[in-house]
Structures are given as C-alpha cells and as structure tokens.
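Below: the structure, in structure tokens.
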Amino acid sequence: MQLHNKDKLSYYSALTVLFSYAEFMLPHLPFLKLGLGNIIILLSLNFMPADFILLLILKSIASSFLSGTLFSPFFLISFMQSLGSGFAMYFLYILNQKGCRQKLFSIYGISIFGAGVSAIVQVFCAGLYLGTGVYNVLGIMLLFSIAAGIVTAFLSEKINIGENIPKLVITEQTLEKNNLNSIYLSTFLIILIIFIPFFIKNIAVLALCFAVSIVFQFLNHRKFLIAPHLFLWILIIIFSVFGSGGEVFFRIGKISFYKDSFIQAIKKCLILSTVICVSQCTVQIGFASKGIISKISNYFYALLNSFYSVQGGIITRIKTILTLQELECTSAKKRGNKSPLKLYLMHFILMTILLCADIYLRKVI
C-alpha cells in the first residue's frame with residue numbers, strides 16, 4: 001500500500017497521537033502505558049518501507065511536540081522506542097509475507113514482540129542517564145509488555161480505517177503568516193536553554209532554574225502539572241538506592257540511601273523537571289501553516305473535537321470518528337502567530353545568569 005500522500009500520512013500520524021491521548025483517560029500506572037498509539041502502527045504494517053518509516057518518525061515528533069516533550073530527553077527515548085518497536089514489528093510482518101503458505105506470526109505475536117522491544121529500548125536509553133539501577137525494572141516492563149501487546153493487537157482487530165481519509169475543514173486559521181525567522185530563532189533559543197541546566201552543578205542554582213522555568217511555563221499559559229514531576233522524582237530517587245559507597249544519608253528499614261547517590265539523584269530530578277517545563281512551552285512556537293507537522297496538528301485537534309462531541313465510551317467514540325467523512329478544526333486559534341521570541345530571550349538571559357552564578361560559586365566555595 002503506497003501512500004505518497006501528505007494528507008493521508010498526516011491523518012495516520014494524528015491518529016497515533018489521538019490514541020495516545022485517549023490512553024491518558026484510562027486508569028494506568030505511572031510509566032507503564034499500553035501504547036495505544038501502536039494500534040495505528042499495526043494497521044500500517046502493509047505500507048511501503050519508506051512510508052512506514054516516515055510514519056514512525058512523524059508519530060514521535062508530533063506526539064512529543066503536542067505533549068510538550070520535544071526538546072527533552074524523553075523525546076529521544078520515545079523516538080528510539082518508536083523506531084525499535086516499529087522496525088521489529090515490520091520485520092516479523094515481512095517474514096510472514098515471504099513464501100510461507102501459513103503465517104509464522106499472528107498479529108498478537110507481532111504486537112507482543114514490538115512491545116517487548118519497546119520496553120528494552122526504553123530501559124536501556126533511560127539507563128544511559130539515570131544509571132544502571134533502571135535495569136532492575138526491566139523484568140516488570142517485559143511482563144507488562146506482554147499484556148500491552150495483547151491489548152493493542154485485540155483493539156487493532158476491532159478498529160477499521162477507511163481507504164478515503166476525511167476532508168479537513170479549518171474554520172479558523174491563524175498560522176497563515178508565520179514569521180519563519182522568529183520560529184527558527186525561538187527554536188534555537190529553546191535548544192540553548194535546554195542545555196544550560198546540564199552544566200550547572202550547584203543544587204541551589206538548579207532549584208532556581210526549576211523555579212524560573214515554572215514561572216516561564218505560566219507566562220506561556222501552559223498548565224503546570226505536579227503529578228508527572230512527582231512520579232519522576234520518586235522513580236529517580238528510588239533508583240538512587242542502588243548506588244553504593246560513601247556516607248549513608250538515611251535508612252528506611254534495610255534500605256540505605258547514600259549521600260552522594262542521593263544528591264546526584266536530586267540534581268537529575270531538578271535538571272529533568274527544568275527541561276520538561278521549558279520543553280512544554282515549545283507548543284507556542286508553531287510551524288509553517290503548510291508544513292506536515294502543522295497538518296498533523298490540525299488533524300489531531302479536529303479529531304479531538306470530534307472525540308469529545310461523540311457520546312459513548314472511548315472505543316465507541318474512536319470507532320465513530322473513524323467513519324466521519326469530514327473533520328472540522330476550530331482550535332487553530334490557540335496556536336496563534338504571536339511570536340514568543342521575547343519571552344524565550346528573557347528566559348535565556350535568566351538561565352545564562354544562573355549558569356554564570358553557578359560557575360562563580362564553584363570558584364569561591
């Protein structure tokens with residue numbers, strides 16, 4: 001099945017984001033997700049290789065941009081997960097098509113294998129930054145991936161996407177005259193701001209960085225959600241238990257927290273939380289109105305509007321919107337063409353001052 005059609009590819013990419021969004025409405029444990037976006041990947045296994053790879057890439061970029069993690073380490077993890085699991089599933093699918101009268105793998109086997117590879121890649125990538133203590137959760141992740149693979153495979157059999165994609169009607173378009181120079185400069189500033197906290201060593205200065213980033217988030221009219229940060233901190237601090245050596249900071253039963261490991265864990269928490277806050281503000285940057293990311297975004301908001309307007313459970317809503325012949329996007333006004341360049345510049349200056357203060361403190365203390 002050849003796509004070579006920007007609208008169709010944008011629509012499929014938007015569906016992966018919508019399914020991932022719908023997953024957050026279901027009860028779930030922190031850091032253990034079913035990966036409902038993979039339902040669309042399973043339904044796209046008959047794409048040509050180039051189209052399939054492009055879908056995997058767009059899925060990661062679009063979902064990270066809309067969720068606000070595009071410029072954080074979590075994007076790299078998500079990107080590697082998407083490519084790793086996608087290639088694994090596509091490989092098994094190709095094996096099924098190669099001269100065998102009976103298929104070697106069912107859709108359930110393909111899905112479980114992809115979920116398992118995703119878990120391995122996620123844990124390995126996280127371990128590069130958080131330390132080898134992360135590897136202790138690999139067994140739990142692999143067990144969960146079996147259940148996740150079964151669920152996504154089952155739902156992929158129940159969901160059908162028509163050959164003809166719905167027509168997209170944009171009732172309010174405020175991105176027609178984007179200032180591309182402003183977009184590029186804002187993106188460059190974001191990248192610089194993201195790197196600054198990684199060079200700061202003083203906990204007090206890192207805490208100030210985090211506080212500044214929270215204020216920056218409010219100035220960008222982005223909600224600050226405490227729960228994701230809290231779960232992240234708990235996870236990182238738990239992993240610090242596996243560090244050893246040095247002075248014991250405190251004990252909980254037979255579990256010892258070593259001072260150096262605990263301090264490093266707090267630093268990692270502050271750095272990641274700061275990066276997340278800054279990255280979540282990047283939705284304000286916007287994209288060229290004719291670009292494929294902008295088209296994915298429009299499809300996603302149109303699907304989301306329809307999702308909330310349809311009655312019934314999550315699965316019923318999804319099945320209904322997949323039969324629509326026309327989608328209307330009315331949320332483009334939220335992503336207006338006002339450049340946040342001045343705000344990013346102000347934040348960059350503040351972060352640079354904090355970096356200089358940290359360098360000075362390292363010399364005098």
Side-chain angles (χ1 to χ4, degrees), residues 1-22 35-67 70 75-100 103-115 117-118 121 149 152-153 155-168 287-303 318 321-325 327 329:
M1 175 182 178
Q2 290 190 342
L3 291 184
H4 304 303
N5 183 316
K6 187 163 69 174
D7 289 340
K8 182 170 283 190
L9 195 56
S10 300
Y11 178 63
Y12 272 71
S13 301
L15 283 175
T16 65
V17 181
L18 178 70
F19 279 43
S20 298
Y21 178 86
L36 296 185
N38 282 334
I39 294 173
I40 303 301
I41 301 302
L42 289 172
L43 294 174
S44 308
L45 289 174
N46 59 340
F47 286 4
M48 295 297 292
D51 292 323
F52 186 78
I53 293 171
L54 187 55
L55 176 63
L56 293 177
I57 294 172
L58 290 172
K59 166 182 176 282
S60 296
I61 294 176
S63 61
S64 296
F65 175 73
L66 292 170
S67 64
L70 182 59
F75 165 69
L76 294 177
I77 295 176
S78 173
F79 184 72
M80 295 307 296
Q81 274 184 273
S82 181
L83 290 184
S85 63
F87 286 152
M89 291 188 289
Y90 200 69
F91 174 72
L92 294 190
Y93 176 79
I94 294 299
L95 286 181
N96 271 351
Q97 309 303 311
K98 295 295 183 179
C100 294
K103 291 184 178 180
L104 297 173
F105 308 97
S106 69
I107 191 66
Y108 288 88
I110 293 174
S111 180
I112 291 172
F113 184 63
V117 171
S118 177
V121 172
T152 52
L155 292 176
S156 70
E157 292 184 321
K158 302 296 180 182
I159 291 174
N160 180 50
I161 303 177
E163 283 295 318
N164 297 320
I165 64 170
K167 180 182 178 182
L168 180 64
F287 284 92
S289 59
K290 295 182 180 180
I292 192 166
I293 299 298
S294 177
K295 187 174 289 289
I296 293 172
S297 178
N298 287 332
Y299 265 117
F300 169 71
Y301 283 111
L303 288 165
I318 289 175
I321 63 176
L322 289 176
T323 62
L324 296 177
Q325 300 299 312
L327 292 170
C329 178

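Just so it is clear, the structure is predicted and the values come from calculations on it, not from any experiment.
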Kindly give the heavy-atom pair with the smallest separation between [X] and [Y], and that separation in Å.
| X | Y | answer |
| --- | --- | --- |
| F113 | A88 | CE2-CB, 3.5 Å |
| S85 | G114 | CB-O, 3.1 Å |
| Q81 | V121 | N-CG1, 3.7 Å |
| G149 | S111 | O-OG, 2.6 Å |
| Y299 | D7 | CE1-O, 3.7 Å |
| S156 | I39 | CA-CG2, 3.9 Å |

Do you know which of V17, L322, I321, I318 makes side-chain contact (heavy atoms from CB on, under 4.5 Å) with L303?
->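 So, applying the side-chain contact (heavy atoms from CB on, under 4.5 Å) to L303 and each of V17, L322, I321, I318, only I321 qualifies.
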Within-4.5 Å side-chain heavy-atom neighbours: [X] and [Y]:
| X | Y | result |
| --- | --- | --- |
| F87 | L56 | yes |
| M89 | L45 | yes |
| I57 | L83 | yes |
| Y108 | E157 | yes |
| L58 | Y12 | no |
| F19 | T152 | no |

As an exercise, state the distance from [atom1] of [X] to [atom2] of [Y], rounded to the nearest 0.5 Å.
| X | Y | atom1 | atom2 | answer |
| --- | --- | --- | --- | --- |
| F300 | L327 | CZ | CG | 12.5 Å |
| L18 | S13 | CG | OG | 12.5 Å |
| T323 | I161 | OG1 | CD1 | 12.5 Å |
| N38 | I40 | CG | CD1 | 10.0 Å |
| L36 | L15 | CG | CG | 12.5 Å |
| D51 | L9 | CG | CG | 6.5 Å |

Establish, from distance only, whether the side-chain atoms of S60 and S82 form a donor-acceptor pair under 3.5 Å.
->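 A pair is found: one side chain offers a donor N or O, the other an acceptor, under 3.5 Å apart.
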Criterion ring pair (Phe, Tyr, Trp, His ring centres under 6.0 Å) on Y90 and F47, from CA distance to verdict = CA-CA 10 Å; Y90 200 69; F47 286 4; 9.1 Å; no
